[in-house]
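Step one of this worksheet: look at the structure below.
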Amino acid sequence: MMLPKIAWRNIWRSRIRSFVVIGAVFLGVWAFICMMAITFSVSLGYVDDAIRFQTSHLQLHHPDFGDDKASEFMLDQDIYNQIKGNKNIIGITERTIVTGMVRSSRGARGIIIKGVDPQTETTVSEISESLLEGKFFTEEKKNEVIISKEIAEKLKLGLRKRLVLQFQDMNKEIVSASFRVAGIFKTGNNITDLSMLLVNRKDINRLLGAENAVHEIAILLDDPTADLLATQDKLKKEFPNTLIENYREISPEVQLYESQIYISVSILMFIFMLALIFGIINTMLMAVLERSRELGMLMAIGMNKLRVFGMIVLETIMLGTIGAPLGMAAGWLTVKFLNKRGLDFSEYSEGTEAFGIKSFLRPELDSEIYFILMVAVFVTALLASIYPALRAIKLRPIEAIRKI
Amino acid sequence: MSIISANNIKKTYDPDKIAVHALRGIDLEIKQGEFTAIVGPSGSGKTTLLNIIGGLDRPTEGIIKIADTDISTLSDNELIDFRKDNIGFVFQAYNLIPVLTAKENVEFVMVLQKRSKEERDQRTKELLEAVGLSDKTNKTPSELSGGQQQRVAVARALASKPRFILADEPTANLDSESTAGLLDMMAELNQEEGVTFVFSTHDQRVIDRARRIVTLVDGKIESDETR
Ligand SMILES: Nc1ncnc2c1ncn2[C@@H]1O[C@H](COP(=O)(O)OP(=O)(O)OP(=O)(O)O)[C@@H](O)[C@H]1O
Ligand SMILES: [Mg+2]
């Protein structure tokens, strides 16, 4: 048909005007893709960190353990051995969790004391790999503690320095015990880092007066995207009296964080589309008004309203969408480049890490997003075409021609 | 038989304010193969009459029949289709689609008529030959002179195989040489192909070439002579 040809050529009649729209779409799409990639990598990095350092994929607790973390709510002794062999699972560990105080000569603060088995803990958590100094426990030594750099700074502690942990034992008696700093870690998330420290589970259990206490079992799966919910369900059936949560449930702020990002991205997208709609309408209205004689002539010689309408819609869609694939290509290249090079915020990491954001990112974007963006631009152009097209078919041939 | 039959056509503009009686009762029959000039002073109603005959405007009163179809019974959209298949238009200016070549402009109406590619190519070639522009087929309007543009417009008007061609001052923007050329061509098409032309003009040289001259004064036919 001839209409696409006419529509296409019409776009290039006022090049500057068209380039403004095409350039705006190009820049908008490009900026959007870069922004989305960075935002998503921030959010994915956040979730990823939470899994690696805090939540693992699944956690088991006594249903009443809850936020109070009362020591008497323990898990059954044999759960660990029953789950251990499961083939979806690549890491599993038992922990004793106690809330208490950490005290140095320079201060004190409330803390979550995690009693870990040094061997199995490394199959689940990467804290052992995030040590800045020292070692992740020494087999034969008693009362060793691993603290974060944040706490070390707050309490003016260093490697091999002593600190005192204070908590209630099983009989609700206050226990104090001296521990020696064996290692200092940093996960990059200040909130996590300030909230907890690690000790050997043997030591804490002895102090608690419960040799076999288990408050938490943490599990890392081989393929969480495929197995997370299925495994969770299976375990729920096997251990109906145990609370079994996945990482989203354990750390609802992860979900909040993600939905927040989706909302802000959607709002930005909406603003971008709105601006685009007005830009396109404006440009196309000018085009229609400039061409009113020509459009009148076309209707006079027999081009019906549907075709005129279609021609303007086609022209608007072409004008509005040409920039998109170009912007996407540019965006794709930029994201690929950033991914390869990595994005280093470490200069500002004081600021970002306070919010739990990693200082080194590798932006990445799902191909799905490109598709959604293309559809969004298309829909925007389509919406923008309606008004100019209506204006075009409202022209009356004689009035348009008489203006000659 | 008449292909255009106008019966007591009246046209009043702005009927509720100060009414302008552009046409005050026109009776006109035009037969197949005629070469008719509508003449008269400025404001006498020539354009108004041609627009009404061409179905671009509706009369305030009276009936227009084009080959037995009373076009006042057609809806706006039906009228567009009717114009496409029955009437060829040549306007004073802005006849052509600027982004299309001469060939594509001529082809355009045939595309609207859904003619086959072969037929379109064949006819476009013949028509551009007939108006003497075989060598300009791939030029866009801006690359053609005013006279050449009007020739393309005539070819375009003929492409749809209309019953007649309406031309409102087709030579108004042309120099005398181009005017003569365009008129020669129209007269030739009229004589050899039997194409019916109805055109308006101010130009005495154009009037001299017409075989039938309808003179309008103040919205009425003052004289109607055939030579
Ligand atoms: N749309 C309109 N609204 C009001 N009056 C109009 C309109 N169109 C034409 N007229 C008036 O109708 C009368 C006839 O106009 P028309 O254009 O038909 O004359 P014409 O013979 O074609 O004149 P010209 O030789 O200048 O082209 C004039 O008085 C004109 O002012
Ligand atoms: Mg006139």
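Throughout, protein chains are lettered first and strands after them, A, B, ... in sequence-line order, and every chain is numbered starting at 1.
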Closest heavy-atom contact between [X] and [Y]?
| X | Y | value |
| --- | --- | --- |
| A:P397 | B:L56 | CB-CD2, 4.1 Å |
| A:M303 | B:F108 | SD-CZ, 3.5 Å |
| A:M299 | B:R83 | O-NH2, 2.8 Å |
| A:N10 | B:V99 | OD1-CG1, 3.4 Å |
| B:F89 | A:A300 | CE1-O, 3.4 Å |

How about A:L289: does its CG atom have over 12 heavy atoms from other parts shown lying under 6.0 Å from it? yes
Is it true that, when you exclude A:E364 itself, more than 12 heavy atoms of the residues, nucleotides or ligands shown sit nearer than 6.0 Å to its CD? no
CD1-CG distance between B:I80 and A:L306, expressed to the nearest 0.5 angstrom: 10.5 Å
So, taking the atom named CD1 in A:I393 and the one named CG in B:N77, what distance separates them when rounded to the nearest 0.5 Å? 8.5 Å
Top contributor to chain B interface from A:K305, A:R291, A:R9 [non-hydrogen pairs under 4.5 Å]: A:R9
Any side-chain heavy atom of A:E294 sitting closer than 4.5 Å to one from B:Y94? no
Taking the side chain as C-beta and beyond, is there a heavy-atom pair between A:I6 and B:E104 under 4.5 Å? no
Apply side chain to side chain contact (heavy atoms under 4.5 Å, CB included) to the pair B:L112 and A:M2, showing each step before the final yes or no. CA-CA 9 Å; B:L112 295 182; A:M2 238 166 181; over 6 Å; no
Relative to chain A, which segment of [X] carries a heavy atom at a distance below 4.5 Å: side chain, backbone, both, or neither?
| X | value |
| --- | --- |
| B:K117 | neither |
| B:L79 | neither |
| B:D85 | neither |

What residue, out of B:D81, B:I87, B:L100, B:D168, has the most heavy-atom pairs lying under 4.5 Å from chain A? B:L100
With chain A, the option among B:P98, B:P162, B:A157 that has the most non-hydrogen atom pairs under 4.5 Å is B:P98
